[in-house]
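Keep in mind that this is a model prediction, so the values were computed, not measured. Every heavy atom of this structure was used, including side-chain atoms; hydrogens, water molecules and symmetry mates were not.
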Amino acid sequence: MSFSAVDHGMMARALQLAERGLWTTSPNPRVGCVLVQAGEIVGEGWHEKAGGPHAEVHALLAAGDKARGATAYVTLEPCSHTGRTPPCAEALIAAGVSRVVAAMGDPNPLVAGQGLSLLQVAGIETASGLLENEARELNIGFVSRMTRGRPWLRLKAAASLDGKTALNNGVSQWITGPEARRDGQHWRARACAILTGIGTVRDDDPQLNVRDVETPRQPLRVVVDSRLETPLTAKILQGGPTLIVAAVNDEKRANLLRLAGSEVLVLPNAAGKVDLKSLLEALAQRGINEVHAEAGFKLNGSLMREGLVDELLLYLAPCLMGHAASGLFNLPELTRLDGKRLLQIRDLRQIGEDIRLIARPR
């Protein structure tokens, strides 16, 4: 199907609106809607937070009677089921819109084409696929959870140009500059959960919360701690929800951690370590769309080896730390270059004095 320049412009505006919900809609997708009558915008809106009105409802309220005969541009197929709010497809039908253009179909099995079908049965012209890639990227975690049963995992690391993340004595603060660290806070705020390992908790005692940027909620902090060794005084147990994931069922230790305010989940694999794939599936069941991992080279390596890393967010500082310092990933030694892990670079830019690289495994 061909789309006009007006169609492109209006969907781009809808995507801009959807992005305003970047930090607030979880576990729901980020959605924007624009209503257009004779080339003029008569109403627009975005999904602001889970449980609140969807984007289409906000746009219809803004348009009032002008919605009749209008074209609705929506970044995601209108829902056809009753969840915490009534179906948006029915609201568009009741308002009398004449055409609905969706950027992409809804991957939620409860919708998955039924929203557009409902509109078509009502005699409304429908189309989808306009700026679909952009819409998918905006909701990459929601799509992942709906289609794969696990969140999108973005692994963040700061390293020197020779790929080192800490000195041999554990010192790692700070390799990158303040601008890169602030940029990293925006990515934390976007995530539903922040994942780390017990090594990072012991060595750095991080808070792993969102600071320096405004956010309406703190992500869930998740610690992979096979033997329940998280100190009861650890900063990560304070100032927001924390989930400790273990491989041993030590009730005494688990109860102490619960008293300190955390939740404990036991998910062992055959090797007596935390089953990382099961952990991600458990997070998906909690409505977690995006996981932001900030860990040491051991957990980084495990996530990479098990094929659980969807995206790398690397900050590279213009410095060298030497071969004895800790690397990015604990991966097995290669004897052949055809065993190297290939990445696709998606974005490369300078942040302050550092380089930010976003890449995905091929």
Side-chain angles (χ1 to χ4, degrees), residues 151 153-159 165-176 181-182 184-213 215 217-269 272-276 278-280 282-283 286 288 290-303 308 313 315 325-326 328-330:
L153 191 140
R154 185 178 290 114
L155 192 153
K156 178 257 180 184
T165 60
L167 299 179
N168 228 2
N169 60 9
V171 173
S172 63
Q173 295 177 335
W174 297 103
I175 294 170
T176 52
R181 297 202 298 274
R182 182 176 168 81
Q185 291 289 329
H186 285 275
W187 290 94
R188 271 190 194 178
R190 171 179 173 150
C192 314
I194 300 174
L195 177 70
T196 196
I198 180 59
T200 300
V201 171
R202 272 199 307 250
D203 294 344
D204 298 342
D205 194 19
Q207 296 175 68
L208 283 191
N209 57 3
V210 178
R211 304 183 296 279
D212 305 326
V213 298
T215 179
R217 55 118 175 99
Q218 287 291 343
L220 172 71
R221 277 92 49 88
V222 183
V223 183
V224 174
D225 179 8
S226 291
R227 296 191 294 273
L228 290 173
E229 297 170 317
T230 300
L232 298 175
T233 54
K235 289 177 186 170
I236 204 163
L237 299 180
Q238 300 152 21
T242 307
L243 174 66
I244 310 290
V245 190
V248 296
N249 209 347
D250 183 336
E251 270 307 305
K252 183 182 174 185
R253 189 74 194 149
N255 284 333
L256 287 172
L257 286 164
R258 289 185 187 108
L259 286 170
S262 68
E263 185 184 349
V264 177
L265 181 64
V266 181
L267 288 174
N269 64 12
K273 301 280 189 182
V274 169
D275 189 322
L276 297 172
S278 294
L279 166 57
L280 290 183
L283 292 176
R286 292 165 180 243
I288 299 289
E290 293 184 22
V291 172
H292 177 96
E294 289 193 33
F297 83 114
K298 286 183 181 176
L299 181 53
N300 286 352
S302 296
L303 290 166
L308 300 175
L313 175 65
Y315 296 89
S326 295
L328 279 162
F329 299 99
N330 180 19

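Here the closest heavy-atom approach between residue V201 and residue A234 is recorded as CG1-CB, 4.1 Å. For Q185 against N209, the heavy-atom pair with the smallest separation is OE1-O, 3.5 Å. What you find for K273 and S226 is that their closest heavy atoms are CA-OG, 3.8 Å. Closest of all the heavy-atom pairs between G296 and T200 is N-OG1, 3.2 Å. Across all non-hydrogen atoms, the minimal contact from P219 to V210 is CD-CG2, 3.6 Å. Between A189 and V213, the shortest heavy-atom distance links the atoms CB-CG2, 4.2 Å.
Atom CG of L195 and atom CG of N300 lie 9.5 Å apart (nearest 0.5 Å). Atom CZ of residue R182 and atom CZ of residue R211 lie 12.0 Å apart, to the nearest 0.5 angstrom. Atom-to-atom distance recorded for L220:CG and E263:CD is 8.0 Å, nearest 0.5 angstrom. The CZ atom of R190 lies 13.0 Å from the OG1 atom of T215; values are rounded to the nearest 0.5 Å. Atom CD in E294 sits 12.5 Å away from atom CH2 in W187 (nearest 0.5 Å). Atom CG of L303 sits about 7.5 Å away from atom CG of L280, to the nearest 0.5 Å.
Exactly one of V291, L265, I288, L283 qualifies for a side-chain contact (heavy atoms from CB on, under 4.5 Å) with V222. That residue is L283.
Within 6.0 Å of CZ on R227 lie no more than 12 heavy atoms contributed by other residues, nucleotides or ligands.
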- Message: What verdict does the side chain to side chain contact (heavy atoms under 4.5 Å, CB included) test give for Y315 and K156, after you've listed the backbone C-alpha separation in whole Å, the side-chain angles of each residue and the deciding distance to 0.1 Å?
- Response: CA-CA 8 Å; Y315 296 89; K156 178 257 180 184; 3.8 Å; yes

- Walk me through it: do V274 and N269 pass the test side chain to side chain contact (heavy atoms under 4.5 Å, CB included)? CA-CA 6 Å; V274 169; N269 64 12; over 6 Å; no

- Task: Let me see the working for L299 and L276 under side chain to side chain contact (heavy atoms under 4.5 Å, CB included), right down to the final yes or no.
- Result: CA-CA 10 Å; L299 181 53; L276 297 172; 4.0 Å; yes

Donor-acceptor pairs are to be reported for all side-chain atoms of residues 235-248 against protein atoms at under 3.5 Å, with residues two or more places apart or in another chain.
residue	atom	partner	partner atom	Å
T242	OG1	R221	NH2	3.3
T242	OG1	I236	O	2.6

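A donor-acceptor contact shorter than 3.5 Å is absent between the side chain of R188 and the backbone of H292. With R154 contributing its side chain and E290 its backbone, the two residues share no donor-acceptor pair below 3.5 Å.
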